[in-house]
Amino acid sequence: MIMAKTYKTRTLSPYIQRISDKFKVLLINGPRQIGKTTLLKITSENKRKYVTLDNPKDLLKAKTDPKGFLDTYAPPCIIDEIQYAPELFPYIKLIADKTEERDLIWLTGSQQYNLMQGITESLAGRVVIIDMLGFSIYEREGKGEKQKPFLPSPEPACILKRKNSSDTFNVIWQGAFPDVIKADSEHWEAFYDSYLRTYIERDVRQIINIGSEIKFITFLKVAAARTGQELNLANMAGDAGIDPKTADKWISVLKTSGLVYLLQPYFKNITKRFTKHPKLYFMDTGLAAYLAGWTTPKSLENGASSGAFFETFVITEIIKSYYHNGKNPQLNFYRDSDKNEIDLLIYQDGKYHPIEIKKHGTPGASDIKAFAVFAKNETLGYGCEICLVSDLQPLAPNVTAMSIWDI
């Protein structure tokens with residue numbers, strides 16, 4: 001039984017309550033151990049039958065007798081890690097098609113490839129798919145219900161208490177998995193070591209034959225060291241001792257299982273990209289810090305990768321603000337041949353909202369000079385620089401410098 005008194009409200013909970021009445025099946029998709037099951041149990045007030053396909057006995061029943069399995073776990077129910085038993089999808093379809101009732105079956109999954117294949121074939125039009133990540137800064141501060149999709153504005157929310165650089169990097173280094181947030185720093189390494197082993201055994205090997213586990217872990221470390229950078233598969237392959245085709249497959253695995261995000265470059269049309277390569281971001285900075293060998297928050301804050309990790313943290317928090325409100329944002333970055341760069345563009349209602357991300361606390365007009373260059377090609381909305389300032393600072397008529405804790 002989950003103790004509601006100790007539960008931090010997830011931003012997604014009220015959205016699930018609203019949207020589940022409109023669909024017969026609901027799927028929460030996201031990496032392992034981010035709190036998907038807890039969210040659904042709490043949201044359903046523990047009134048649904050629950051089963052996890054991580055349990056070998058239940059998995060065997062689901063695969064060999066899917067009809068009998070669904071007779072046992074009849075709606076309303078929660079089925080965890082549905083990707084392990086794609087045999088269930090046709091029978092879930094039969095259940096959905098026999099009634100006009102909604103809100104029948106809630107699913108969770110952590111492998112997008114297997115999930116999407118089964119849903120496309122069996123559940124199209126019957127299921128709502130919701131992406132989820134680890135705790136956002138709002139959720140970890142106990143204010144998940146107040147988080148809205150982030151868009152720069154003259155009057156940002158400013159709901160959270162601002163943290164200094166040291167405290168911010170404590171959060172970045174720790175990561176956003178619920179279990180690691182609850183634990184003390186002495187168990188940080190043990191948590192991520194266990195997570196990595198579980199991820200490889202239960203998720204990666206279900207998707208692809210990686211061959212050498214050592215080389216795959218080396219590739220993970222190489223990728224983590226490059227979070228916040230443009231994806232260069234040839235260089236990554238060379239550093240990991242594998243060929244570029246294998247590197248491409250393994251990046252797809254990381255993306256499929258929700259561990260990395262590839263931020264696509266802005267382009268006017270497919271033939272006029274300013275830069276061809278996406279930027280790579282780990283979706284959990286704690287996991288990236290563990291893989292990259294940053295053993296303390298202070299070493300990460302003072303290290304050569306601190307700016308890239310801060311940028312990764314900001315990008316992932318913005319993505320969470322959308323995902324956890326049931327939305328998928330249109331995001332890009334900008335880099336032209338003259339090396340003008342904008343770290344993030346949010347496209348909404350015909351305008352691009354430019355965002356620059358800097359680790360420092362002394363923003364200036366020079367940080368946002370690329371905004372004016374980009375404005376020659378597109379219509380700009382309000383923009384911002386996200387950094388470590390202690391107060392809001394105007395940088396231009398339509399640009400404000402703000403703290404990461406103001407998003």
Side-chain angles (χ1 to χ4, degrees), residues 1-17 26-46 48 50 52-55 78-81 106-111 130-147 160 163 167-199 202-203 257-261 282-291 297 312-313 316-326 404-405:
M1 179 70 69
I2 298 170
M3 299 302 294
K5 290 183 179 179
T6 63
Y7 176 71
K8 292 181 182 291
T9 300
R10 302 302 295 260
T11 305
L12 266 173
S13 188
Y15 176 75
I16 290 172
Q17 291 171 331
L26 178 145
L27 166 67
I28 301 290
N29 179 50
R32 180 176 291 276
Q33 295 184 38
I34 57 168
K36 301 186 294 291
T37 303
T38 304
L39 168 66
L40 292 186
K41 285 184 174 181
I42 287 286
T43 303
S44 70
E45 299 178 337
N46 293 298
R48 290 172 174 263
Y50 170 77
T52 176
L53 299 183
D54 265 337
N55 183 309
I78 299 171
I79 304 175
D80 228 344
E81 303 296 354
W106 290 2
L107 310 171
T108 79
S110 53
Q111 292 176 10
I130 302 170
D131 292 314
M132 182 177 172
L133 296 168
F135 274 125
S136 71
I137 52 177
Y138 277 77
E139 291 167 333
R140 68 187 297 145
E141 296 294 317
K143 297 180 179 180
E145 73 282 357
K146 296 184 178 181
Q147 185 166 33
L160 304 178
K163 298 182 186 293
D167 290 341
T168 298
F169 270 88
N170 281 340
V171 173
I172 294 173
W173 177 82
Q174 184 182 46
F177 289 99
D179 285 347
V180 80
I181 290 174
K182 295 173 188 175
D184 55 53
S185 59
E186 291 182 4
H187 296 96
W188 179 86
E189 185 174 355
F191 171 83
Y192 284 112
D193 181 67
S194 175
Y195 184 88
L196 185 60
R197 293 175 186 275
T198 302
Y199 168 66
R202 296 190 183 180
D203 291 338
S257 50
L259 291 196
V260 304
Y261 182 87
F282 260 71
M283 297 306 283
D284 187 86
T285 51
L287 177 61
Y290 167 77
L291 288 166
T312 299
F313 181 57
T316 56
E317 287 301 319
I318 290 175
I319 292 172
K320 288 174 190 177
S321 79
Y322 283 86
Y323 282 5
H324 294 183
N325 278 283
I404 172 61
W405 301 95

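We're numbering straight along the sequence, starting at 1. Since the model is a prediction, treat every value here as computed from it, not as a measurement.
Counting heavy atoms from C-beta on, the side chains of L107 and L26 never come closer than 4.5 Å. Using a 4.5 Å heavy-atom threshold, the side chains of D284 and P31 count as separate. When side chains are defined from C-beta on, T285 does not count as touching V171, because their heavy atoms never get closer than 4.5 Å. Here the side chains of Y323 and I130 are not in contact, with every heavy-atom distance at 4.5 Å or above.
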### Task
Determine, stepwise, if the pair K8 / F135 fulfils side-chain contact (heavy atoms from CB on, under 4.5 Å).
CA-CA 9 Å; K8 292 181 182 291; F135 274 125; 4.0 Å; yes

### Message
Before you tell me yes or no, could you show the steps for F313 and I137 under side-chain contact (heavy atoms from CB on, under 4.5 Å), namely the whole-Å CA-CA distance, both residues' side-chain angles and the distance that decides it to 0.1 Å?
### Response
CA-CA 10 Å; F313 181 57; I137 52 177; 3.6 Å; yes

### Q33 vs F191, side-chain contact (heavy atoms from CB on, under 4.5 Å): CA-CA, chis, key distance, verdict
CA-CA 11 Å; Q33 295 184 38; F191 171 83; 3.5 Å; yes

### Task
Could you walk me through whether L27 and T108 pass the side-chain contact (heavy atoms from CB on, under 4.5 Å) test, one step at a time?
CA-CA 5 Å; L27 166 67; T108 79; 5.5 Å; no

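Taken from CE in M132 to CG in L39, the straight-line distance is 4.5 Å, to the nearest 0.5 Å. Separating the OH atom in Y138 from the NZ atom in K320 is a distance of 13.5 Å, to the nearest 0.5 Å. We find the CG-OH distance between L287 and Y195 to be 7.0 Å, quoted to the nearest 0.5 Å. One distance of note links NZ of K146 with OG1 of T11; it measures 12.0 Å at 0.5 Å rounding. Note that the CG atom of L259 and the CG atom of L291 stand 9.0 Å from one another [nearest 0.5 Å].
A side-chain donor from one of D80 and Y50 sits under 3.5 Å from a side-chain acceptor of the other. For the residue pair S136/E317, the side-chain donor-acceptor check at 3.5 Å is not satisfied. Judged purely by distance below 3.5 Å, without hydrogens or angles, the side chains of Y199 and S257 pair a donor atom with an acceptor atom. For the residue pair T43 and S13, a side-chain donor N or O sits within less than 3.5 Å of a side-chain acceptor on the partner.
Considering all non-hydrogen atoms of both residues, T312 and F282 come closest at CG2-O, 3.2 Å. Considering all non-hydrogen atoms of both residues, D131 and H324 come closest at O-CD2, 4.4 Å. When all heavy atoms are compared, the tightest approach of M283 to T316 is CA-CG2, 3.8 Å. Across all their heavy atoms, N325 and L12 have their closest contact at N-CD2, 4.4 Å. When all heavy atoms of I34 and G134 are compared, the closest pair comes out as CG2-N, 3.8 Å.
Partners of K36 under the salt bridge (Lys or Arg N to Asp or Glu O under 4.0 Å) rule, at least two apart in sequence or in another chain, do not exist in this structure. Residues satisfying the salt bridge (Lys or Arg N to Asp or Glu O under 4.0 Å) test with D167, not counting sequence neighbours, are none. Looking at residues two or more places apart in sequence or on another chain, you find a side chain to side chain contact (heavy atoms under 4.5 Å, CB included) between S44 and R48, I78, W106. Every residue meeting the salt bridge (Lys or Arg N to Asp or Glu O under 4.0 Å) condition with K163, not counting sequence neighbours, appears here in chain and number order: E141.
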Expected list for residues 173-181: side-chain donor-acceptor pairs under 3.5 angstrom, two or more places apart:
unit_1 : atom_1 : unit_2 : atom_2 : d
W173   : NE1    : W294   : O      : 2.9
Q174   : OE1    : R140   : NH2    : 2.3

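Ion pair D54/R32 flagged as a salt bridge, since at least one NZ, NE, NH1 or NH2 atom sits closer than 4.0 Å to an Asp/Glu carboxylate oxygen. A salt bridge links R10 with E139; the closest basic N to acidic carboxylate O contact falls under 4.0 Å.
Listed by first then second residue, pairs satisfying salt bridge (charged side-chain N to carboxylate O under 4.0 Å, His left out) with a partner in residues 186-196 read D193-R197, not counting sequence neighbours.
Using the six-membered ring where Trp is involved, Y192 and W188 have ring planes that are perpendicular, over 60° apart on the 30 and 60° scheme.
Looking only at distances, no side-chain donor or acceptor of S194 sits under 3.5 Å from a matching main-chain atom of A190.
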